[in-house]
A.B. asks: 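One structure coming up, written as structure tokens, with questions to follow.
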Amino acid sequence: MLLIKEIRERRESIKERLRKRAFRDTDLIDEIINLDDKRRKIKAELDDLLNKTKTRSKEIGDLYKSGKREEAEQKKKEMASLKDEVKALEDEFRKVELRIADTLERIPNLPHESVPPGTTDADNVIVKEGGSMPSLPDDALTHWDLAAKFDLIRFEEGTKITGSGFPVFSGMGARLQRALVNFFLDRALGAGYHEFSPPLLVNKDSAFATGQLPDKDGQMYYINEDDLYLIPTAEVPLTNLYRDKLLKEEDLPQKLVGYTPCFRREAGSYGKDVRGLNRLHQFDKVEIVQIVHPEKSYDVLEKMMAHVESLLMELELPYRILRLCGGDLGFTSALTFDFEVFSAAQKKWLEVSSVSNFESFQANRLKLRFKDRDGKNQLLHTLNGSALAFPRIIAALLENGQTKDGIEMPAALHPYLGFEKIA
RNA sequence: GGAGGAAUGGCGGAGUGGUCGAACGCACCGGUCUUGAAAACCGGAGACCCUUCACGGGGUCCGGGGGUUCGAAUCCCUCUUCCUCCGCCA
């Protein structure tokens with residue numbers, strides 16, 4: 001959430017930056033300022049009234065003490081109308097505040113200056129490519145064919161017991177998944193992250209604080225009976241560990257990692273893009289989160305990217321890194337880099353990680369601050385990244401590693417798998 | 001699910017109708033002492049909002065919401081969470 005103070009101070013430049021991310025309702029900025037003017041005016045009147053009632057009641061107390069009952073009774077009568085006025089103003093004040101909050105919540109984060117212009121993923125900018133492309137024969141199998149051939153993933157049975165987008169991993173497929181959990185977590189621990197195993201359901205406050213609500217309402221699975229949401233990413237519970245916290249500067253940075261399943265309704269996605277493991281309702285992911293000093297967040301973003309990149313190199317997958325354009329940026333993000341791997345039989349780039357700096361946008365909602373050297377409370381910066389999301393990694397590993405006599409696994413996974421080849 | 005108890009500042013913890021933004025301790029900041037540090041001593045210091053160029057002034061906040069009262073951290077209702085006991089289940 002943006003700060004009203006900044007909106008007031010930089011009205012036009014904020015509108016300009018919002019346009020860069022293809023946000024059309026820039027009128028909301030003017031609306032907020034108007035409402036805030038109104039709020040301040042009411043606040044001044046209200047404070048004045050409250051001040052009066054406070055003084056009066058002290059006077060009444062004093063009168064009683066000095067035995068002047070008559071005068072006290074008289075003053076009490078006068079208070080009645082004051083109280084009505086206070087009540088009316090308070091109602092008005094609350095209404096304006098609610099409208100401000102409502103409007104403010106719908107405004108996305110401001111894009112960082114390095115965010116390229118553009119409206120769709122076609123405008124994302126490739127900043128780096130790495131790894132080497134496998135050379136597969138023309139009759140190379142897609143991962144869903146390989147999955148069937150070696151009994152690694154049972155899509156139909158998942159559809160039967162739950163629905164489409166809920167695959168069942170089987171045999172070496174299940175073992176591969178388990179190996180990836182440990183591989184990714186171990187690498188994160190090696191990089192100094194603290195491991196958490198958080199709840200998979202969160203309440204409204206948590207979903208709001210990281211920005212899934214109100215923006216992604218309808219994309220999360222919702223348990224009506226208990227008013228809880230299934231997490232779309234471990235980002236939500238992990239970051240919310242720090243909701244309503246006041247940290248000390250020496251506690252920074254906080255580095256967290258968690259492995260969780262993720263649940264996404266993916267309402268509105270159909271067609272060939274959702275084939276096989278390409279897009280699922282439930283998938284596994286290891287997520288890294290950092291809570292950092294505001295001056296350090298862009299350095300940390302680079303470190304997190306380097307971490308993600310190192311994972312892809314160890315997995316020996318061809319990858320590329322994209323700087324997301326304004327129109328493709330998530331609601332809460334100031335700058336995001338996507339990592340894609342090439343799935344060689346589908347001949348497709350698949351997104352496997354998204355590393356973002358949210359600056360103070362989430363921290364503002366979380367009320368996550370630290371006491372700086374001057375003793376002032378300042379918002380922290382939050383960042384996160386997938387390290388990594390499993391299904392598309394598995395798709396690429398299967399397709400790219402296929403040979404005449406089985407599927408070769410990268411050496412880094414051998415100790416975790418207990419085998420070197422799927423056959 | 002039933003019965004009882006509790007929720008106070010960064011943390012711990014007093015406070016049962018006005019003199020309470022709230023004792024005290026820890027942590028924190030400044031100073032004295034010390035070669036330096038620690039200890040000791042002295043002093044400072046909550047968050048948020050409005051207003052002011054500034055000094056300052058005003059308001060709100062004692063888990064959330066509502067109520068009683070001239071006046072609420074304190075009394076009442078309600079919700080949430082935690083603790084104890086009982087029941088149920090893994």
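Each chain gets a letter, A, B and so on, in the order the sequences are listed, and its residues count up from 1.
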A.B. asks: Given that both distances must come in under 3.5 Å, which nucleotide forms a Watson-Crick or G-U wobble pair with B:A40?
C.D. replies: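 Pairing partner: B:U32.
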
A.B. asks: Please state how far atom CD in A:Glu249 lies from atom C1' in B:A27, giving the value in whole angstrom units.
C.D. replies: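 Nearest whole value for this atom pair: 16 Å.
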
A.B. asks: Measure from the ring center of A:His414 to the ring center of A:Tyr416 and say whether it is less than 6.0 Å.
C.D. replies: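 Centroid separation for A:His414 and A:Tyr416: 6.0 Å or greater.
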
A.B. asks: Does the side chain of A:Asn51 get closer than 4.0 angstrom to OP1 or OP2 of B:G59 through an N or O atom?
C.D. replies: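 A:Asn51 to B:G59 OP1/OP2: side-chain N or O found under 4.0 Å.
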
A.B. asks: Please name all residues satisfying ring pair (Phe, Tyr, Trp, His ring centres under 6.0 Å) with A:Tyr298, sequence neighbours left out, ordered by chain then number.
C.D. replies: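 For A:Tyr298, the residues satisfying ring pair (Phe, Tyr, Trp, His ring centres under 6.0 Å) (neighbours in sequence not counted) are A:His112.
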
A.B. asks: B:C50 and B:U34: how far apart are their P atoms, nearest whole angstrom?
C.D. replies: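 Those two atoms are separated by 48 Å.
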
A.B. asks: Looking for any heavy atom pair under 4.0 Å, which part of the strands does A:Lys371 touch: base, sugar-phosphate only, or nothing?
C.D. replies: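 Touches sugar-phosphate only.
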
A.B. asks: Rounded off to whole Å, could you give me the CG-to-C1' distance for the A:Asp251 and B:C28 pair?
C.D. replies: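 Distance, rounded to whole Å: 13 Å.
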
A.B. asks: Between B:G67 and B:G15, how far is it from one P atom to the other, in whole Å?
C.D. replies: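 So the two P atoms sit 29 Å from each other.
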
A.B. asks: Which base, if any, makes a Watson-Crick or G-U wobble pair with B:C61, both distances under 3.5 Å?
C.D. replies: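 In the structure as shown, B:C61 has B:G46 as its Watson-Crick or wobble partner.
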
A.B. asks: Taking only the C1' atom of each, what is the distance from B:A54 to B:C41 in whole angstrom?
C.D. replies: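 The same atom, C1', in both gives a distance of 36 Å.
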
A.B. asks: Would you indicate which nucleotide in B:A27, B:C50, B:G46 comes nearest to any side-chain atom of A:Arg40?
C.D. replies: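 Given the options B:A27, B:C50, B:G46, the side chain of A:Arg40 is closest to B:C50.
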
A.B. asks: Any ring pair (Phe, Tyr, Trp, His ring centres under 6.0 Å) pairs touching residues 220-254 of chain A, not counting sequence neighbours?
C.D. replies: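 For residues 220-254 of chain A: A:Tyr222-A:Tyr229.
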
A.B. asks: So if I take residues 359-370 of chain A and measure heavy-atom distances to RNA chain B, which residues fall below 4.0 Å?
C.D. replies: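 The stretch gives A:Arg369 as the residues lying under 4.0 Å from the strand, ordered by number.
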
A.B. asks: Can you give one letter per nucleotide of nucleotides 63-73 of chain B, 5' to 3': B if a protein heavy atom sits under 4.0 Å from the base, S if only from the sugar-phosphate, - if neither?
C.D. replies: ---SS--BS--

A.B. asks: Would you mind reading off the distance between A:Glu90 atom CD and B:C49 atom C1', rounded to a whole angstrom?
C.D. replies: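 So the two atoms are 14 Å apart, to the nearest Å.
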
A.B. asks: If you measure from the P atom in B:G18 to the same atom in B:G66, how many Å do you get, rounded?
C.D. replies: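 It works out to 24 Å between them.
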
A.B. asks: If you look only at distance, which donor and acceptor atoms sit under 3.5 Å apart when one is on a side chain in residues 75-93 of chain A and the other is two or more places apart or in another chain?
C.D. replies:
{"unit_1": "A:Lys75", "atom_1": "NZ", "unit_2": "A:Glu59", "atom_2": "OE1", "d": "2.9"}
{"unit_1": "A:Lys76", "atom_1": "NZ", "unit_2": "A:Tyr64", "atom_2": "OH", "d": "3.1"}
{"unit_1": "A:Ser81", "atom_1": "OG", "unit_2": "A:Glu78", "atom_2": "O", "d": "3.4"}

A.B. asks: Taking atom types as they are modelled, is there a donor-acceptor pair under 3.5 Å from the base of B:G59 to the side chain of A:Asp47?
C.D. replies: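 Not at all, since no donor on one side and acceptor on the other fall under 3.5 Å apart.
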
A.B. asks: In whole Å, what separates the C1' atom of B:G43 from that of B:C33?
C.D. replies: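 Straight-line distance between the two C1' atoms is 15 Å.
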
A.B. asks: Could you measure between the two P atoms, the one in B:C70 and the one in B:G65, and give it in whole Å?
C.D. replies: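 Rounded to whole Å, the distance is 23 Å.
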
A.B. asks: With a 4.0 Å cut-off on N to O distance, would you call A:Arg11 and A:Asp30 a salt bridge?
C.D. replies: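 Salt bridge: yes.
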
A.B. asks: Could you tell me the separation between the CG atom of A:Asp244 and the P atom of B:G10, rounded to a whole number of Å?
C.D. replies: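 Value for this atom pair: 11 Å.
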
A.B. asks: Are A:His293 and A:Phe370, when compared by the centres of their aromatic rings, separated by less than 6.0 Å?
C.D. replies: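 Yes, the ring of A:His293 comes within the 6.0 Å limit of the ring of A:Phe370, centre to centre.
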
A.B. asks: Considering every strand shown, what is the Watson-Crick or G-U wobble mate of B:U19 when both distances are under 3.5 Å?
C.D. replies: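 No nucleotide pairs with B:U19.
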
A.B. asks: Between B:A45 and B:G5, how far is it from one C1' atom to the other, in whole Å?
C.D. replies: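 Those two atoms are separated by 35 Å.
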
A.B. asks: Determine, stepwise, if the pair A:Thr142 / A:Leu146 fulfils side chain to side chain contact (heavy atoms under 4.5 Å, CB included).
C.D. replies: CA-CA 6 Å; A:Thr142 58; A:Leu146 291 164; over 6 Å; no

A.B. asks: Tell me what A:Asp48 touches on the nucleic acid: a base, only sugar-phosphate, or nothing, going by heavy atoms under 4.0 Å.
C.D. replies: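 Since no nucleic acid heavy atom lies under 4.0 Å of A:Asp48, the category is nothing.
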
A.B. asks: Report the base-pairing partner of B:A3 (Watson-Crick or G-U wobble, both distances below 3.5 angstrom), or none.
C.D. replies: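 By the stated definition (distances under 3.5 Å), B:U84 pairs with B:A3.
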
A.B. asks: Would you tell me if any nitrogen or oxygen in the side chain of A:Lys41 comes within less than 4.0 Å of OP1 or OP2 on B:C50?
C.D. replies: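 For A:Lys41, the contact criterion (side-chain N or O under 4.0 Å from OP1 or OP2 of B:C50) is not met.
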
A.B. asks: Could you state the NZ-P distance from A:Lys245 to B:G9, rounded to the nearest angstrom?
C.D. replies: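 About 14 Å, once rounded to whole Å.
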
A.B. asks: Tell me whether the OP1 or OP2 atom of B:C49 has a side-chain N or O from A:Arg39 closer than 4.0 Å.
C.D. replies: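 Answer no for this pair, as no side-chain N or O of A:Arg39 is under 4.0 Å from OP1 or OP2.
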
A.B. asks: In terms of side-chain heavy atoms of A:Lys43, which of B:A47, B:A27, B:C49 is nearest?
C.D. replies: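 Selected nucleotide (nearest to the side chain): B:C49.
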
A.B. asks: Expressed as a whole number of Å, how far does the C1' atom of B:C24 sit from that of B:A14?
C.D. replies: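 Per the computed distance, 7 Å lies between those C1' atoms.
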
A.B. asks: Give every residue pair that meets the salt bridge (Lys or Arg N to Asp or Glu O under 4.0 Å) criterion with at least one member in residues 281-302 of chain A, sequence neighbours excluded.
C.D. replies: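 Those involving residues 281-302 of chain A are A:Lys285-A:Glu287.
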
A.B. asks: Please compare A:Leu46 and A:Asp36 by the position of their nearest nucleotide in RNA chain B and report the one closer to 5'.
C.D. replies: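 That would be A:Asp36.
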
A.B. asks: Show every salt bridge (Lys or Arg N to Asp or Glu O under 4.0 Å) that has at least one partner inside residues 158-173 of chain A, sequence neighbours left out.
C.D. replies: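 Matches after skipping sequence neighbours: none remain.
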
A.B. asks: Residues in side-chain hydrogen bond (donor to acceptor under 3.5 Å, both in side chains) with A:Arg323, at least two apart?
C.D. replies: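 With neighbours one apart ignored, the set is A:Ser114.
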
A.B. asks: Can you give me every donor-acceptor pair (side chain of residues 171-184 of chain A, partner residue at least two apart or in another chain, under 3.5 Å) with its distance?
C.D. replies:
{"unit_1": "A:Arg175", "atom_1": "NH2", "unit_2": "A:Leu417", "atom_2": "O", "d": "3.3"}

A.B. asks: How close or far is atom P of B:C26 from atom NZ of A:Lys248, stated in whole angstroms?
C.D. replies: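 In whole Å, B:C26 P and A:Lys248 NZ are 14 Å from each other.
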
